Amino acid sequence: MKKPKIAFFDFACCEGCQLQVANMGEGVLDVLAAFDVVEWREVMSEKWDKKYDVAIIEGSITDNHAVERITKIRKKANILIAYGSCATIGGVNGMKNNFELDDIRKYVYGESYKFFPTELTKAVHQVVKVDYFVNGCPVYIPEFVAILKAVLQGIPYYVPDYAVCVECKLNENICMYDKGVTCLGPVTRAGCNSWCINNGNICYGCRGMLSNPNEKSARDVLAKYNIPIELIINKMNMYNKCREII
Amino acid sequence: MEENQYVVLKKELFNDFITRLAGIKKLVAPVSKGFKNFAYEEVSSGEQIALKYIPTILPAKKYFMPQNETLLEFNTGKKSNVEAFVEYEPVTLFGLHTCDIAGIQCLNMALSERPKDYNYLSRKNFITIIGLECNEYCDEFASCHLVNADFPSGGYDLMFTDAGEYFIVHINTESGEEIVTNTEIFNKAETFHLNELIKIRENKRKIFSNEVPIERRHIPELFDRSFRSNVWKEVGERCLSCGNCTNVCPTCYCFDIRDELDLDMKHGRRYRVWDSCQLEPFAKVAGGFNFRKERFVRQRHRYYRKFRYPVDKFSRFFCTGCGRCTRTCMANISLKETLSQLVRESEDRVWKRWL
Amino acid sequence: MEKMALKYSSYKSEKAEIVDIKKLTENEKLFRVVLKNKGSLDHEPGQFVMVSLYGIGEIPISVCSSPMISDYFELCVRAVGKVTRSMHKLKKGDEIGIRGPYGKGFPVRILEGNDLLIIAGGLGLAPLRSLITYVLDNRRDFGKVHLLFGCKEPKDMLFSDELEQWNKRTDMHYSCTVDRASPDWAGNVGVITTLIPGVDIEPSKTFAAIVGPPVMYNFVIKELIAKGIPEQNILLSFERNMKCGNGKCGRCQIQNLYCCQDGPVFNYEQIKNLSEAI
């Protein structure tokens, strides 16, 4: 079997998710043995102008140049993977959508803001078709590897559609709510093996919301812990503001 | 009570005993995690063990049915080769309450039913169980009396009962007796020790009583009457479908089976992981139809799997009264409260018929 | 963690080879399978096997060939999920794993001497084909045989060659209907229940066997009861998600019943009060 040609691209992001691959340690050798990396700005200078078997997209789509570029990549790519929260759900870049676009442009670029057109932040699938989603800020490497295997096998990967609580409980963590701390685990999609909570942090909702959360009951639970709903919505919007774009 | 089945361990020798026990094979016991949470973890000394503890976050089933367990290993390609395995670890579990022992008894029944689960059955023979009797309730969430799990009733190798200055220890199996012999730290039980045990049990009978206003033998009928009860709708409205109640349940054993290949696509394994009937995708078929789409249907299914269905099949409840599901539920769905509501609603119906 | 080989495992499959593949429709293929180290599969009509594609997964598929054939068996697979789509990519000569057969099939001994009304909706024809072919192989043991078949469009018709042959047979009555006709369709249009009143049978000595999509059952059963067929003579086979086939994993449970062990074939009387059944 010929090794699939794979390329990494970054849009609006911190490129930290790509760094996760570089941080894999020895595991990265197995990945490199299975694929032929043809373009990856963060680690190599070569470019590739032919078709890609797999294009991995980090970052969200924030202006018309990005729309053009991602559309071109999509046309050249057999399989397109949205990689990291910015790409899969818009991520922190989505916070821009809390403001009027002109206001935010003035704030960032000052007087000359007119020369810097911008658009509402979008996740990649809100612009082009996405075949695989690697959620997380940053991505969880074991899940990324599982998705690469699915790509090699030509089978779909289903992001778990149940709460982070499931994995968190299996890891026998003390519930953050027992500690008196607010956590987005109950409404966030699992798949990260409750990575943050295992390490003493809360869940920030970086993997996106469940498709069918019990909103009414979630409100009751918050009331039980005396947590204002606005606080949770704000926390949720840190990563998930783009979900409002249909 | 036969005296030769009992021995005594002085409290001041407890730490010595644990050190010696840990020398035999891997030793697991309840350990405090803070914030009133406990977990079964490996220990090597007595100080690490929380002798006074409420049920751990996960029950001891995690040793009998690991969360991620290899069933098969295989090579792919033209000359495929498949091997079936059981992964096991010789381990002694110390300090299990009677509720958790009852949980293992339930799993034993369910997984030894034909077609037998040889992975489970092979593994369980490597596990030694040492119980620790509760002389009082752990907290208000327990309902062990209702389901007849408040007193020791088999399922262990040794059972420790706290009698103040010492533990009275019941030897239930030959492998329990080996521990007693090999640790060389127990004393022979005298008649007054046994009398003390009888007193402790009598006192327990005063403390433990039905936590829900219904007699045990009437529970199956209550469930027969309650399938279309509104109580389920209320429970379903509150359920967040996080699956906590089933993951922490000592008698839940539903699972998923998955495949995983190495990156070279040549070798792989088939493994099973814990799964939960409370999660939305559980009963969905490939075409998309979901046979238990609604939350209340899933919650109702959980309760019937505890209190009704196993009664016909195994003549016992698959609830051990440990209270974990209630303790862990963020939405405050309480097992005792749900049962009480069913009882009240059922009584109301009876009255209405008479009036 | 230590590892020990298991001599007996409820999860290990037999090696099997795909000896023939036939495309039935856009979405369905028929696989002919031979067990490599074992003789016959020895199944009953209506039973299923667990099919393994190592590295991808394992799924339940009902056997759709007659138990009278012992050299091979056939599986009709619609490409809908991860495993079935991958299965469609397999070629002649490829190896798969087979466990089973599992479950309770159609009680053919009890059906003997009775009239049969077989009602198939869409892919439901696959498990029923094992019953139909069994009955035709032992034709004189049964009374009248009626087959009603319904599918979405004429192009979705499974086993069209066989349907045509069955249509020609004098010892079998066949009628079919489609939800939406194509321009060259000359047959019935409408739901399958419309075919039931016209069937000429003696209800008290008739067994009905129904397999189809979940939505079909209630309507068909109502019509059969109206026709006077006793409840215990109405046989249904259910599709459920299954992972183990051993009555353990919990996915296929219908209240207290495990579809994989207690079913997939049930009679209506058994399940009519089970709310999660149909």
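Sequence lines set the chain letters: A, B, ... in the order given, protein chains first and strands last, and positions in each chain run from 1. The model shown is predicted, which means the values in this text are computed figures rather than measured ones. For the numbers below, each heavy atom of this structure counts, side chains included, while hydrogens, waters and symmetry mates do not.
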Asker: Does any backbone or side-chain atom of B:Arg258 lie under 4.5 Å from a heavy atom of chain A? Answer side chain, backbone, both or neither.
Answerer: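 For B:Arg258, the contact with chain A is made by the side chain alone.
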Asker: Got a second to check how far B:Met330's CE is from A:Lys224's NZ, nearest 0.5 Å?
Answerer: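 Separation between the atoms: 6.5 Å.
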Asker: Run the side-chain contact (heavy atoms from CB on, under 4.5 Å) test on A:Asn212 and B:Arg295 for me, step by step, so that the C-alpha distance in whole Å, both residues' side-chain angles and the decisive distance to 0.1 Å come before the verdict.
Answerer: CA-CA 11 Å; A:Asn212 180 23; B:Arg295 287 176 220 276; 3.6 Å; yes
Asker: Sort B:Asn332 into side chain, backbone, both or neither according to what part of it lies under 4.5 angstrom from a heavy atom of chain A.
Answerer: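 Both parts, heavy atoms under 4.5 Å.
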Asker: If you measure from CG on A:Leu148 to CG on B:Leu263, what distance do you get to the nearest 0.5 Å?
Answerer: 6.5 Å
Asker: Do B:Glu237 and A:Asp220 come close enough that some side-chain heavy atom pair is under 4.5 Å?
Answerer: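 A side-chain contact under 4.5 Å is absent here.
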Asker: Relative to chain A, which segment of B:Leu279 carries a heavy atom at a distance below 4.5 Å: side chain, backbone, both, or neither?
Answerer: side chain
Asker: Taking side chain as everything from C-beta outward and backbone as N, CA, C, O, which of these in B:Cys245 sits under 4.5 Å from a heavy atom of chain A? Side chain, backbone, both or neither.
Answerer: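 When you check distances to chain A, no heavy atom of B:Cys245 falls under 4.5 Å.
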Asker: Counting only heavy atoms closer than 4.5 Å, note whether A:Ala218 contacts chain B via side chain, backbone, both or neither.
Answerer: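 A:Ala218 touches chain B through backbone and side-chain heavy atoms alike.
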Asker: Heavy-atom count around B:Lys33 NZ within 6.0 Å, excluding the residue itself: above 12?
Answerer: no
Asker: Hey, what do you get for CD (A:Glu172) to OG1 (B:Thr56), rounding to the nearest 0.5 Å?
Answerer: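 So the CD of A:Glu172 and the OG1 of B:Thr56 are separated by 6.5 Å.
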Asker: What part of A:Pro160 is in contact with chain B, defined as an atom under 4.5 angstrom from a non-hydrogen atom: side chain, backbone, both or neither?
Answerer: neither
Asker: Can you measure from OG1 (B:Thr246) to NZ (A:Lys169) and round to the nearest 0.5 angstrom?
Answerer: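 That separation rounds to 11.0 Å.
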Asker: Around atom NZ of A:Lys235, are there more than 12 heavy atoms of other residues, nucleotides or ligands at under 6.0 Å?
Answerer: yes
Asker: Are any of the side-chain heavy atoms of B:Asp264 and A:Asp30 separated by less than 4.5 Å?
Answerer: no
Asker: Looking at B:Cys242 and A:Cys165, what are the two nearest heavy atoms and their distance?
Answerer: CB-CB, 3.9 Å
Asker: Quick check for you: to the nearest 0.5 Å, what is the distance between B:Ile57 atom CD1 and A:Asn171 atom CG?
Answerer: 10.5 Å
Asker: Heavy atoms only: give me the nearest A:Val221-B:Leu240 pair and the separation to one decimal.
Answerer: CG2-CD1, 4.0 Å
Asker: Can you pull out the residues in residues 59-70 of chain B with any heavy atom less than 4.5 Å from chain A?
Answerer: B:Lys62, B:Gln67
Asker: Looking at B:Met265 and A:Gln153, what are the two nearest heavy atoms and their distance?
Answerer: SD-CG, 3.6 Å
Asker: Quick one: what part of B:Glu260 sits under 4.5 Å from any heavy atom of chain A, side chain, backbone, both or neither?
Answerer: side chain
Asker: Looking only at atom types and distance, does a side-chain atom of B:Asn247 sit under 3.5 Å from a main-chain N or O of A:Leu170, one as donor and one as acceptor?
Answerer: no
Asker: Contact part of A:Val187 toward chain B, heavy-atom cut-off under 4.5 Å: side chain, backbone, both or neither?
Answerer: neither
Asker: Taking A:Asp178's backbone N and O only, do any of them form a donor-acceptor pair with B:Lys36's side chain (distance below 3.5 Å, no angle check)?
Answerer: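 No.
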Asker: Is the number of heavy atoms from other residues, nucleotides or ligands within 6.0 Å of NZ (A:Lys179) greater than 12?
Answerer: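 Atom NZ in A:Lys179 is crowded, with more than 12 foreign heavy atoms closer than 6.0 Å.
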